[in-house]
Trainee: 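So that we are looking at the same thing, I have put the structure below in structure tokens.
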Amino acid sequence: MTRLFAAAVSVFVLVLSSDSGRADNVADFYRGKSVTISVGTEPGNSYDIYTRTLARHLSRHLPGNRNIIVQNAPGAGGLNNANSIYNVASKDGLSLGQVQNTVPFEPFYGNANARFDATKMNWLGSPGKETAVLLIWHTVPVNSLAEAKSHGLVLGATGAASTPAFYGRVINAVFGVPIKLIAGYKSQNESFLAMERGENDGYSSTFWSSLKLTKPDWIAKHKVKLLLQYGGEAAPDLKDVPFAMDVLRDHADRDLMQIASAPLALGRPLFAPPGVPGERVTALREAIAATYRDPEYLADCSQQRLECTTSALASDLARLIENAYAAPVAVRERLQKINRSDR
């Protein structure tokens with residue numbers, strides 16, 4: 001019994017020494033160095049704001065007391081940034097990327113310009129999951145998804161291949177809502193202005209968190225009607241708005257909607273390129289997870305009216321992406337056809 005106890009203690013000490021050694025090695029590497037997070041959008045975009053908020057607090061949790069730098073690398077909807085971090089950036093844990101949540105699925109849809117394997121990226125975490133809403137202006141004579149099916153909708157989009165256009169086609173495919181897309185608006189805000197003028201009825205893929213942040217008066221004064229919400233999970237404060245996965249009954253439609261909604265469940269994902277030493281990837285994941293729980297970080301989010309209470313861990317992101325790429329062939333082909341429509 002004494003020998004067994006002594007052996008157990010030895011193993012325990014060995015594990016502690018190993019963990020301590022790993023932490024020391026990571027701290028030694030990062031000490032005096034800067035970590036750069038490259039964001040694939042213009043400054044001031046919500047992706048940029050969330051990343052800069054994280055960066056202000058991350059250094060307290062990553063061993064080595066290093067500097068965190070955020071830089072912007074817009075272009076091709078974030079695809080250029082993902083390609084650069086994956087293929088060109090250093091593989092030492094000093095170069096990280098934050099990508100738009102649709103980018104990891106570009107290879108899934110057959111985009112030849114996506115020069116990366118999303119299942120091989122070292123996913124680090126996301127500050128929060130997103131829920132999208134199908135909204136229409138209050139003067140449109142439609143009050144429910146059922147009425148939209150008989151009336152039809154004219155929705156704005158930034159381009160035929162844009163995210164709102166894609167989700168407009170998805171909603172048409174699984175809910176049978178006749179949708180005419182007016183593409184070519186420079187931004188969501190420009191499409192919103194056109195909606196207020198009566199040029200279109202609404203928008204298919206507005207983030208609920210962003211709508212609350214940028215258009216609180218629309219919500220308070222009932223300027224818009226919300227017909228549908230979709231994403232990884234229903235928003236707790238949208239109990240009266242039908243959630244897509246609760247409405248759909250056909251298994252094929254449910255599978256399609258679940259995979260189509262996967263980017264929203266990713267939120268605003270952070271990653272390190274493949275090839276970064278495992279102990280540094282682990283340290284980055286642990287530091288980011290700790291930051292998401294940090295009261296100072298959460299207070300910073302609250303002060304900016306950012307939604308930071310539904311953070312996703314690295315394992316959550318990896319599982320979502322792996323599940324999507326393992327989709328049945330029929331579902332994948334159907335989604336690819338929807339994605340290619342009107343291009």
Side-chain angles (χ1 to χ4, degrees), residues 46 101 126-157 163-164 166-181 188-189 191-196 198 200-251 253-268 301-302 304-312:
S46 64
N101 54 30
S126 174
K129 308 175 185 73
E130 290 293 344
T131 300
V133 292
L134 166 62
L135 64 80
I136 59 173
W137 196 238
H138 66 100
T139 56
V140 180
V142 169
N143 295 295
S144 67
L145 203 59
E147 290 182 10
K149 289 176 68 172
S150 58
H151 181 273
L153 296 174
V154 178
L155 302 180
T163 297
F166 170 71
Y167 281 116
R169 294 192 291 269
V170 168
I171 291 168
N172 167 258
V174 299
F175 292 103
V177 177
I179 290 175
K180 177 183 177 182
L181 290 168
Q188 177 179 261
N189 284 337
S191 182
F192 279 172
L193 287 172
M195 176 181 68
E196 292 181 89
N200 66 62
D201 295 332
Y203 207 77
S204 70
S205 61
T206 301
F207 285 0
W208 174 234
S209 64
S210 296
L211 189 69
K212 290 190 291 183
L213 181 65
T214 61
K215 301 291 184 182
D217 57 317
W218 281 9
I219 300 167
K221 297 177 181 179
H222 305 287
K223 291 290 187 179
V224 289
K225 295 183 254 189
L226 309 182
L227 303 183
L228 180 72
Q229 59 169 313
Y230 57 93
E233 55 191 37
D237 51 350
L238 285 179
K239 296 186 185 302
D240 294 331
V241 180
F243 181 59
M245 297 304 290
D246 293 337
V247 176
L248 292 170
R249 295 290 177 263
D250 181 83
H251 289 298
D253 287 343
R254 285 178 61 84
D255 288 345
L256 185 143
M257 192 72 205
Q258 187 170 38
I259 295 172
S261 301
L264 297 163
L266 289 184
R268 296 170 176 83
C301 287
S302 180
Q304 298 178 79
R305 294 189 294 166
L306 302 178
E307 296 277 357
C308 297
T309 58
T310 59
S311 59

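The first residue of the sequence shown is numbered 1, and numbering continues consecutively from there. From a predicted model like this one, the values you see are computed outputs, not experimental measurements.
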Trainee: When you check the gap from the basic side-chain N to the acidic O, do K212 and E307 get nearer than 4.0 Å?
Mentor: yes
Trainee: To the nearest 0.5 angstrom, please state how far the CG atom of L145 sits from the NZ atom of K149.
Mentor: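 Taking CG in L145 and NZ in K149, the distance rounds to 7.0 Å.
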Trainee: With sequence neighbours left out, what residues match A173 under side chain to side chain contact (heavy atoms under 4.5 Å, CB included)?
Mentor: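 A173 satisfies side chain to side chain contact (heavy atoms under 4.5 Å, CB included) with R334, I338 only.
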Trainee: Is there side-chain contact between K225 and N143, with at least one heavy-atom pair below 4.5 Å?
Mentor: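 Yes; the side chains approach each other to less than 4.5 Å.
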Trainee: OG of S204 to CG of L181: how many Å apart, nearest 0.5 Å?
Mentor: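 Between S204 OG and L181 CG, I get 7.0 Å after rounding to 0.5 Å.
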Trainee: Please say whether more than 12 non-hydrogen atoms of neighbouring residues, nucleotides or ligands are located less than 6.0 Å from CD in Q229.
Mentor: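 Atom CD in Q229 is packed in, count exceeds 12.
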Trainee: For A146, what residues pass the side chain to side chain contact (heavy atoms under 4.5 Å, CB included) criterion, not counting sequence neighbours?
Mentor: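 Once residues adjacent in sequence are excluded, the partners of A146 under the side chain to side chain contact (heavy atoms under 4.5 Å, CB included) criterion are S144.
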Trainee: Output the distance between atom CD1 (I171) and atom CZ (R169), rounded to the nearest 0.5 Å.
Mentor: 11.5 Å
Trainee: Distance alone, cut at 3.5 Å: any donor-acceptor contact between the side chains of E130 and S209?
Mentor: yes
Trainee: If you measure only the distance, is there a donor-acceptor pair under 3.5 Å linking the side chains of N200 and W137?
Mentor: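 Note: N200 and W137 side chains miss the donor-acceptor criterion.
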Trainee: Using modelled atom types and a 3.5 Å cut-off, is there a donor and acceptor pairing between side-chain atoms of S126 and backbone atoms of L266?
Mentor: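 It does hold such a pair.
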Trainee: Look up atom CE in M195 and atom CG in N189, then write down how far apart they are to the nearest 0.5 Å.
Mentor: 10.0 Å
Trainee: Taking all non-hydrogen atoms of both residues, which atom of A148 and which atom of V142 are closest, and how far apart?
Mentor: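 Taking every non-hydrogen atom into account, N-CG1, 3.6 Å.
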Trainee: When Y167 is tested against each of F207, Y230, F175 for ring pair (Phe, Tyr, Trp, His ring centres under 6.0 Å), which residue passes?
Mentor: Y230
Trainee: At their closest point, which heavy atom of P164 faces which heavy atom of S205, and how far apart are they?
Mentor: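 What the structure gives for the nearest pair is CA-OG, 3.3 Å.
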Trainee: Check step by step if side chain to side chain contact (heavy atoms under 4.5 Å, CB included) holds for K180 and L155.
Mentor: CA-CA 6 Å; K180 177 183 177 182; L155 302 180; over 6 Å; no
Trainee: I need the E233 CD to L264 CG distance, nearest 0.5 Å.
Mentor: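 Here the interatomic distance stands at 11.5 Å.
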Trainee: Mark yes or no for whether Q258, through its side chain, and R254, through its backbone, hold a donor-acceptor pair below 3.5 Å.
Mentor: no
Trainee: Please find the pair of heavy atoms, one from L228 and one from F243, that lie closest to each other, and give the distance.
Mentor: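 Here L228 and F243 meet closest at CD1-C, 4.5 Å.
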Trainee: Return the minimal non-hydrogen interatomic distance between I179 and G168, and the atom names on each side.
Mentor: CD1-O, 3.2 Å
Trainee: Just how far is it from atom CG of D240 to atom CG of L226, taken to the nearest 0.5 Å?
Mentor: 10.0 Å
Trainee: With no hydrogens and no angle check, is any side-chain donor or acceptor of K129 less than 3.5 Å from a backbone partner on R268?
Mentor: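 Not confirmed, K129 side chain does not pair with R268 backbone.
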Trainee: Quick one: are the ring centres of F192 and Y203 less than 6.0 Å apart?
Mentor: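 So the answer is yes for these two rings.
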Trainee: Please name the residue in the list V133, L135, I136 that meets the side-chain contact (heavy atoms from CB on, under 4.5 Å) test with L227.
Mentor: I136
Trainee: How far apart are the closest heavy atoms of M257 and V174, and which atoms are they?
Mentor: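 Scanning both residues completely, I find the closest heavy atoms to be SD-CG2, 4.0 Å.
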Trainee: Which atom names give the shortest non-hydrogen contact between P216 and R305, and what distance separates them?
Mentor: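 It is CG-NH1, 4.2 Å.
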Trainee: Tell me if a side-chain donor or acceptor on N172 pairs with a main-chain N or O of V177 at a distance below 3.5 Å.
Mentor: yes
